[in-house]
**Student:** 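Supplied in C-alpha cells, the structure appears directly below.
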Amino acid sequence: MATRNSPAKSAVLELVRIRQSLAAWYRRARRDLPWRHTRDPYAIWVSEIMLQQTRVDTVIPRYGRWLARFPTVKALAKAPLDDVLAEWAGLGYYARARHLHRAACEVVEQYGGELPADVAAVRALPGVGRYTAGAILSLAFGQREPILDGNVIRVLTRLHAIDEDPHASPTQERLWALAAELVADGDPSEINQGLMELGATVCTPRRPACTACPLARQCRAHATGRSETLPAPSRPTRVVAVEQVSVALVRDDKILLARRPPTGLWGGLFELPTDERRPGESLDTAVRRVAEERVGLRFDSWQPLPVFHHVLSHRRMTFHGAYASVDRGPVRRRGYDAHRWVTLEAARSLGISRAMDRLLSKLP
DNA sequence: AAGACGGGGAT
DNA sequence: ATCCCAGTCTT
C-alpha cells in the first residue's frame with residue numbers, strides 16, 4: 001500500500017492540479033476567436049490547417065471568407081483546384097490548400113462528406129499530421145487525443161524544465177507522452193486549447209508573463225529561473241539568395257499568366273513567366289530568354305519594373321520585372337501546365353503568390 | 001535527421 | 001536582422 005506522500009501519488013495529484021488550473025484559467029481568459037463558436041468538424045479542420053505556421057491575426061479574416069465560399073466538405077470537394085488556390089492566395093504553404101482539397105474529395109468518396117470521428121482515419125487524410133488529427137478529434141469530437149504544437153512544446157519544456165532539443169525524436173516522444181497524460185482526465189478540448197492559449201498569450205517565447213501564469217507554482221523552469229531560456233533554440237535554416245526574372249507580356253491590353261506545376265514552390269499558382277537569372281547573365285539576355293524559353297514569345301524592346309526583394313523561409317529572392325508588348329503568335333509553354341491572357345484586374349483574382357501580387361502592383 | 005515549403009508580425 | 005508562428009511531407 002502506497003503511503004500518503006509517495007512520489008507516485010503526489011505526481012498524480014500534481015497532474016490533477018495542473019489540469020484544473022489550466023482548464024479554469026482557459027475558461028476565464030480565452031480569446032474570442034471565430035473557430036471557437038463552432039463544433040462543426042469541417043470548420044475546425046479548416047481552422048487547424050489555416051493556423052499551421054500561421055498567426056491567428058492572419059487567419060481571422062480568411063477563415064470566415066473561406067467558409068462562406070466553401071461552406072461544407074462537399075462544396076470544397078466540388079470546387080476546381082484553381083478556385084481553391086485562389087481563395088488560399090496570400091496565406092502561403094500552398095500544399096495546405098492542395099491537400100485540403102484532395103482530403104475533402106476523399107471524405108466525400110469514402111465517408112459521404114462527413115469527417116469520421118476516428119483518429120487513424122483523420123490522420124490518414126492528406127495534410128493532416130499528428131498534431132492536426134489530435135486537434136480535430138479533441139476539439140470537434142471531445143476525444144482524449146493529445147496535441148503538440150509550438151505553443152505546447154514551449155509550455156511543456158518549461159513546465160518540466162526539459163533542456164534537450166524539443167525537435168529531437170526522443171524528446172518529441174517524451175513531450176507527446178506528457179501531452180497525453182494531461183488529457184487522460186478532464187475535458188480534453190479545454191485542456192488542449194488551454195495549453196495552446198497559455199503558450200500564445202502567457203508562456204510566450206520572449207518575456208513570458210509568469211506572474212499571470214496559472215501553472216507558475218508547478219513550473220520547474222520558473223522555479224529555477226529558466227523560463228526565458230527554454231525551450232532550447234532550434235538550428236536556423238539556411239537562406240539562399242536567388243535572382244528571379246519575370247516578364248509581363250502584353251497583347252490587346254491583356255497580360256500572360258502561366259500556371260506552375262502542381263507541386264513544389266507555389267505549386268498550382270499562376271505567375272508572370274519567370275525563371276532564375278543565370279550566373280553572369282545580363283538582364284537583357286535573361287529577360288528575352290525567359291520569354292522565349294518559357295512561353296515561346298519574342299519582342300523588340302522592354303521596360304524594367306522596380307526591383308524588389310521577397311523573402312521566404314529558405315530563399316531570399318530579388319525580383320527583376322520586365323514589361324513588353326508582343327505580337328500575335330502561339331504560346332509555347334515550357335515548365336507550365338496552363339496559361340491565360342487576362343486583364344490586370346483578373347490576374348490579381350487568380351491564385352497568385354504574394355510575390356506575384358507585389359510584382360503586378362508595379363505594372364504601369 | 002534534415003530540408004522544402006510562405007508570409008507576416010514582433011523585437 | 002532574427003525569431004517563430006495552432007506543421008506536414010519528402011528524402
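Just so it is clear: chains get the letters A, B, ... in the order the sequence lines come, proteins before strands, and each one is counted from 1.
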**Student:** Name the nucleic acid region contacted by A:Ile49, choosing base, sugar-phosphate or nothing; use a 4.0 angstrom heavy-atom cut-off, strictly under.
**Tutor:** nothing

**Student:** Looking only at side chains, do A:Arg96 and A:Thr54 share a donor and an acceptor under 3.5 Å apart?
**Tutor:** yes

**Student:** Using only atom types and a distance under 3.5 Å, with no angle test, would you say the side chain of A:Asp163 pairs donor to acceptor with the backbone of A:Pro231?
**Tutor:** no

**Student:** With sugar-phosphate meaning primed atoms plus P, OP1 and OP2, does A:Ser47 contact a base, only sugar-phosphate, or nothing at under 4.0 Å between heavy atoms?
**Tutor:** nothing

**Student:** Whole Å only: how far is the NE2 atom of A:His314 from the P atom of C:dT10?
**Tutor:** 16 Å

**Student:** Expressed as a whole number of angstroms, how long is the span from A:Leu100:CG to C:dC9:P?
**Tutor:** 12 Å

**Student:** Less than 3.5 Å apart, any donor N or O on the side chain of A:His160 or A:Arg220 sitting next to an acceptor on the other?
**Tutor:** no

**Student:** What parts of residues 150-159 of chain A reach DNA chain C, counting only heavy atoms under 4.0 Å away?
**Tutor:** A:Gly150, A:Asn151, A:Arg154

**Student:** I need the CG-C1' distance between A:Asp149 and C:dC4, as an integer number of Å.
**Tutor:** 12 Å

**Student:** Expressed as a whole number of Å, how far does the C1' atom of B:dC5 sit from that of C:dC4?
**Tutor:** 15 Å

**Student:** Please tabulate, one pair per line, all N/O donor-acceptor pairs under 3.5 Å involving side-chain atoms of residues 124-137 of chain A, not counting sequence neighbours.
**Tutor:**
residue  : atom : partner  : partner atom : Å
A:Arg130 : NH1  : A:Glu173 : OE2          : 3.3
A:Tyr131 : OH   : A:Glu48  : OE1          : 2.6
A:Thr132 : OG1  : A:Gln52  : NE2          : 3.0

**Student:** With a 3.5 Å distance limit and no angle check, can you tell me whether A:Glu106 reaches the backbone of A:Ala103 through a side-chain donor-acceptor pair?
**Tutor:** no

**Student:** Output the residues of residues 194-212 of chain A in contact with DNA chain C, where contact means a heavy atom of the residue under 4.0 Å from an atom of the strand; sort by number or write none.
**Tutor:** A:Met196, A:Arg206

**Student:** C:dA6 P sits how many Å from A:Arg96 CZ, rounded?
**Tutor:** 12 Å

**Student:** Under 4.0 Å, counting only non-hydrogen atoms across every strand here, what does A:Trp88 touch: a base, just sugar-phosphate, or nothing?
**Tutor:** nothing

**Student:** With A:Leu15, which residues qualify under side-chain contact (heavy atoms from CB on, under 4.5 Å), at least two apart?
**Tutor:** A:Arg19, A:Glu181, A:Leu182

**Student:** In terms of the nearest nucleotide of DNA chain C, which residue is placed more toward the 5' end: A:Leu125 or A:Leu33?
**Tutor:** A:Leu33

**Student:** What residue pairs, at least two apart or across chains, pass ring-ring contact (aromatic ring centres under 6.0 Å, His included) with a residue in residues 51-72 of chain A?
**Tutor:** A:Trp35-A:Tyr63, A:Trp66-A:Phe70, A:Trp66-A:Trp88

**Student:** Hey, where on DNA chain B does chain A first and last touch, going 5' to 3'? Cut-off is any atom under 4.0 Å from a heavy atom.
**Tutor:** B:dA1 to B:dG9

**Student:** Toward the 5' end of DNA chain B, which comes first, A:Ile352 or A:Pro170, by nearest nucleotide?
**Tutor:** A:Pro170

**Student:** For residues 53-63 of chain A, which residues have at least one heavy atom under 4.0 Å from DNA chain C?
**Tutor:** A:Gln53, A:Arg55, A:Val56

**Student:** What is the distance from OH of A:Tyr93 to P of C:dC5, rounded to the nearest Å?
**Tutor:** 11 Å

**Student:** Does the side chain of A:Gln193 come under 3.5 Å of the side chain of A:Arg36 through a donor N or O and an acceptor N or O?
**Tutor:** yes

**Student:** Of A:Ala168 and A:Gly267, whose nearest nucleotide on DNA chain B comes first from the 5' end?
**Tutor:** A:Ala168

**Student:** Side chains of A:Glu271 and A:Tyr336: any donor to acceptor distance under 3.5 Å?
**Tutor:** yes

**Student:** Over all strands shown, is A:His99 touching base, sugar-phosphate only, or nothing at heavy-atom distances under 4.0 angstrom?
**Tutor:** sugar-phosphate

**Student:** Which value, rounded to the nearest 0.5 Å, describes the distance between A:His167 atom NE2 and A:Leu175 atom CG?
**Tutor:** 9.5 Å

**Student:** Quick one: ring-ring contact (aromatic ring centres under 6.0 Å, His included) pairs with a partner in residues 303-325 of chain A, sequence neighbours left out?
**Tutor:** A:Phe308-A:Phe319

**Student:** Could you check whether A:Ser234 gets within reach of a base, just the sugar-phosphate, or nothing at all, counting any heavy atom under 4.0 Å?
**Tutor:** nothing

**Student:** A:Arg315 side chain to A:Val242 main-chain N or O, any donor-acceptor pair under 3.5 Å?
**Tutor:** no

**Student:** Tell me whether A:Asp252 contacts the main-chain N or O of A:Lys254 through its side chain, where contact means a donor paired with an acceptor under 3.5 Å.
**Tutor:** no

**Student:** Each residue besides A:Leu139 in its hydrophobic cluster should be listed here, by chain and number; the cluster joins Ile, Leu, Val, Met, Phe, Trp and Tyr at side-chain heavy-atom distances under 4.5 Å.
**Tutor:** A:Ile44

**Student:** Hey, can you pull the donor-acceptor pairs under 3.5 Å for the side chains in residues 346-356 of chain A, sequence neighbours left out?
**Tutor:**
residue  : atom : partner  : partner atom : Å
A:Arg348 : NE   : A:Asp357 : OD1          : 3.1
A:Arg348 : NH2  : A:Asp357 : OD1          : 3.3
A:Ser349 : OG   : A:Ala346 : O            : 2.9
A:Ser353 : OG   : A:Ala355 : N            : 3.4
A:Ser353 : OG   : A:Met356 : N            : 3.1

**Student:** Does A:Ser21 use its side chain to pair, donor to acceptor, with the backbone of A:Arg17 at less than 3.5 Å?
**Tutor:** yes

**Student:** Roughly how many Å apart are B:dG8 and C:dT8, using the P atom of each and rounding to a whole number?
**Tutor:** 22 Å

**Student:** Do any side-chain atoms of residues 297-305 of chain A form donor-acceptor pairs under 3.5 angstrom with protein atoms, and if so which ones, sequence neighbours left out?
**Tutor:**
residue  : atom : partner  : partner atom : Å
A:Arg298 : NE   : A:Glu292 : OE1          : 3.0
A:Arg298 : NH2  : A:Glu292 : OE1          : 3.4
A:Trp302 : NE1  : A:Asp284 : OD1          : 2.7

**Student:** By a strict heavy-atom criterion of less than 4.0 Å, which residues belonging to residues 128-148 of chain A are in contact with DNA chain C?
**Tutor:** A:Val128, A:Gly129, A:Arg130, A:Tyr131, A:Thr132

**Student:** Check every strand shown and say whether A:Pro233 touches a base, only sugar-phosphate, or nothing at a heavy-atom separation below 4.0 Å.
**Tutor:** nothing

